[in-house]
Enquirer: 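Can you keep this structure in mind? I'll have questions shortly.
We count ligands from 1, going down the list as the structure has it; atoms in each ligand are counted the same way. Residues: numbered from 1 along the sequence shown.
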Amino acid sequence: MSFPSGFLWGGATAANQVEGGWNEGGRGPALTDVTTGGSVKEPRYETYIDKDGKPGKKLQKQPLPDGAHYAVLDGYHYPNHEAVDFYHHYKEDIALFAEMGFKTYRMSISWSRLYPKGIEKEPNKEGVEFYRNVFMELKKYNIEPLVTIWHFDTPLYLEEHEGGWLNRDLIEYYVRFATTCFTEYNGLVKYWLTFNEINNTVMFLDMFGNKATDEDYQNAYQILHHQFVASAKAVQIGHAINPDYMIGCMICGITRYPATCDPNDILANRYGWEKGIFYCGDVQAKGYYGTYAKRLWDEHNVHLNITEEDLVDLERGTVDMYTFSYYMSSLETTHEVKDKVSGNFVAGARNEYLTYSDWGWALDPKGLRYYLEVIYDRYELPLMVVENGLGAYDKVEEDGSIHDEYRIDYYRQHIIEMNKAIEHGVDLIGYTTWGCIDLVSAGTGEMRKRYGFIYVDMDDEGKGSMARSRKDSFYWYKKVIASNGADL
Ligand code: BG6
């Protein structure tokens, strides 16, 4: 096994899933702050007060009823409010990352901590200082921050009063936020990601048996266009502020296979890659929409508002690296599916050659190699796997130890496949495992879906001491990093 010297080993989190301190330090709310906890069977809800003053809840992505406004209600648990309280524990957590030997730590900046409503002209100083302190702490241990600018947390005000990303004005608000990040943390941060899993907006539209309407597609593609332009503008500004900045896209990387050798399935699979994976990567890495984009739009009668200036921005604002999350593969078929698998995030035909996690995610390390090789061939840019991990139930033994052999095995298999891709010529420069510390699940809002090397004493009802402890995987990953991937 050989990984290049300087390989960026580390772990990843997102502000809304670890930070907590939701109403401290001048922070404004985000949508996650009015989102309840759920489970693999029970969805998460967003809560509101309707026009007659009555409390209510709705499914995520569904519109607010007319005249209603989002609200935190009594009787519900909002796991992101406190999350795992990184806001107050960051020094302790970073010391634990350093003990594992992290070379990098992927984290995100909460937009509403810097711009509470999103529309302010000047940032919230306390928020700016919080992240400066975090970056200084990382510097103490020579841990390179890898910073996601937007990780699903648009300020609630922008969602509720400005129409969210369907409104073109969001480009300007985002660019102001990104510019603040690039300026304030110049010299402390080198690696940036503009949007987390930008492709989810379109890729997941038809999942779970909900047939998306043409209007859903129209909105999703327009939202994406605004985010592409925002990303491209940010890349240009970032490079002007510091030419050494490495700025990447971040794609939800699900490897797709045809379920049968029926040519209809082969074609459906190819088109699935285009719609789900390549659509965003092509715009962000090549600087223009792929030839197939028109076909995708025509399928749903989509007419986008794209200006000449936008096209120039897309061309000038291409990314320096391609990063992605990888958890699973999926099967594409045009045939009736008898054996269905349905996890949070992905639903479809079961792959009989794979096993599945307790949350229904296909465990497929070879799929990671497949993805790396396909993507490297396409873009020839440095790649990073910035999320990969196993959400699992952990058992705390009486002596406090946690024997998470399953997690070690999961990582071992994925690292072996990454190494093969490197041997085959892929320029892979880093690997940050998801949820290096236990955190709130984005999909289900659970704590019991644990990802960390570090256990956090916090449950799904918000009860626990927040004490941190080391799982077996903690010691294992430390060894992996110390040997640069040789000792698995
Ligand atoms: C990715 C997201 O989709 O998957 C993370 O970028 C998320 O925010 C991760 O936490 C795992 O998903 P979940 O639902 O298990 O938290």
Side-chain angles (χ1 to χ4, degrees), residues 10-19 30-32 35-44 60-61 79-80 83-84 86 105-111 146-154 193-204 207-208 227 248-255 276-277 280 323-330 341-347 356-364 367-368 371 384-394 406-407 410-411 414 431-452 456 458 460:
T13 62
N16 73 85
Q17 293 172 259
V18 288
E19 225 171 68
L31 206 49
T32 40
T35 307
T36 65
S39 72
V40 71
K41 295 203 181 94
E42 177 73 9
R44 303 187 73 179
Q60 294 174 295
K61 308 273 180 223
N80 302 81
V84 294
F86 180 80
Y105 169 50
R106 177 178 174 229
M107 52 176 275
S108 75
I109 294 186
S110 153
W111 186 347
L146 163 60
V147 178
T148 317
I149 298 171
W150 179 91
H151 196 121
F152 303 153
D153 56 357
T154 306
L193 307 178
T194 53
F195 284 87
N196 183 66
E197 293 190 341
I198 192 166
N199 53 326
N200 287 2
T201 305
V202 163
M203 184 165 67
F204 291 137
M207 292 271 173
F208 312 111
Q227 295 185 337
C249 59
M250 199 297 203
I251 306 291
C252 177
I254 295 177
T255 297
I277 307 291
C280 296
T323 83
F324 64 101
S325 58
Y326 179 78
Y327 294 93
M328 67 191 110
S329 58
S330 71
V341 60
S342 141
N344 67 307
F345 277 12
V346 169
Y356 286 78
S357 80
D358 290 330
W359 277 263
W361 293 16
L363 306 177
D364 182 12
L368 174 56
Y371 194 91
M384 269 202 224
V385 180
V386 294
E387 284 186 34
N388 173 232
L390 179 67
Y393 299 105
D394 286 336
Y406 37 90
R407 187 167 290 111
Y410 174 98
Y411 282 127
H414 284 81
Y431 178 59
T432 58
T433 65
W434 179 247
C436 42
I437 181 165
D438 289 347
L439 38 60
V440 176
S441 156
T444 65
E446 292 166 293
M447 274 305 302
R448 82 186 120 196
K449 187 181 188 187
R450 294 184 182 272
Y451 282 94
V456 179
M458 175 51 52
D460 287 339

Enquirer: Which is it for Ser325 and Glu197 under the side chain to side chain donor-acceptor pair (under 3.5 Å) test, yes or no, and what are the steps along the way?
Expert: CA-CA 8 Å; Ser325 58; Glu197 293 190 341; 2.6 Å; yes

Enquirer: Find out whether Phe152 and Asn200 are in side-chain contact, i.e. whether some heavy atom of one side chain is under 4.5 Å from a heavy atom of the other.
Expert: yes

Enquirer: Is the charged tip of Lys449 near the ring of Trp434: under 6.0 Å from the six-membered ring centre and within 45° of its axis?
Expert: no

Enquirer: Quick one: look at Trp361 and ligand 1, take heavy-atom pairs under 4.0 Å, and tell me if it's side chain, backbone, both or neither.
Expert: side chain

Enquirer: For Glu387, is at least one N or O under 3.5 Å away from an N or O on ligand 1?
Expert: yes

Enquirer: If we only count heavy atoms from C-beta on, is the Gln60 to Pro43 side-chain gap below 4.5 Å?
Expert: no

Enquirer: For ligand 1, which atoms have a heavy atom of Glu197 less than 4.0 angstrom away?
Expert: 1 (C), 2 (C), 3 (O), 6 (O)

Enquirer: Which residues pass the salt bridge (Lys or Arg N to Asp or Glu O under 4.0 Å) test with Asp364, not counting sequence neighbours?
Expert: none

Enquirer: Within the 3.5 Å criterion, strictly below it, is a donor on Thr32 or Thr35 matched to an acceptor on the partner's side chain?
Expert: no

Enquirer: For Arg450, enumerate each residue passing the salt bridge (Lys or Arg N to Asp or Glu O under 4.0 Å) test, keeping only those at least two apart in sequence or located in another chain.
Expert: Asp438

Enquirer: Can you sort out which atoms of ligand 1 are near Ala442, meaning under 4.0 Å from one of its heavy atoms?
Expert: 7 (C), 8 (O), 10 (O), 13 (P), 14 (O), 16 (O)

Enquirer: Tell me whether Phe152 has any N or O atom under 3.5 angstrom from an N or O of ligand 1.
Expert: no

Enquirer: List ligand 1 atoms under 4.0 Å from Lys449, heavy atoms only on the residue side.
Expert: 13 (P), 14 (O), 15 (O)

Enquirer: Relative to the heavy atoms of Ser441, which atoms of ligand 1 are at a distance of less than 4.0 Å?
Expert: 13 (P), 14 (O), 15 (O), 16 (O)

Enquirer: Could you see which bit of Leu439 sits under 4.0 Å from ligand 1, with heavy atoms only: side chain, backbone, both or neither?
Expert: neither

Enquirer: With only distance considered, is Ala14 within less than 3.5 Å of ligand 1 through an N or O on each side?
Expert: no

Enquirer: Quick one: which ligand 1 atoms are inside 4.0 Å of a heavy atom on Gly443?
Expert: 13 (P), 14 (O), 16 (O)

Enquirer: With a 4.0 Å cut-off on heavy atoms, is His151 in contact with ligand 1?
Expert: yes

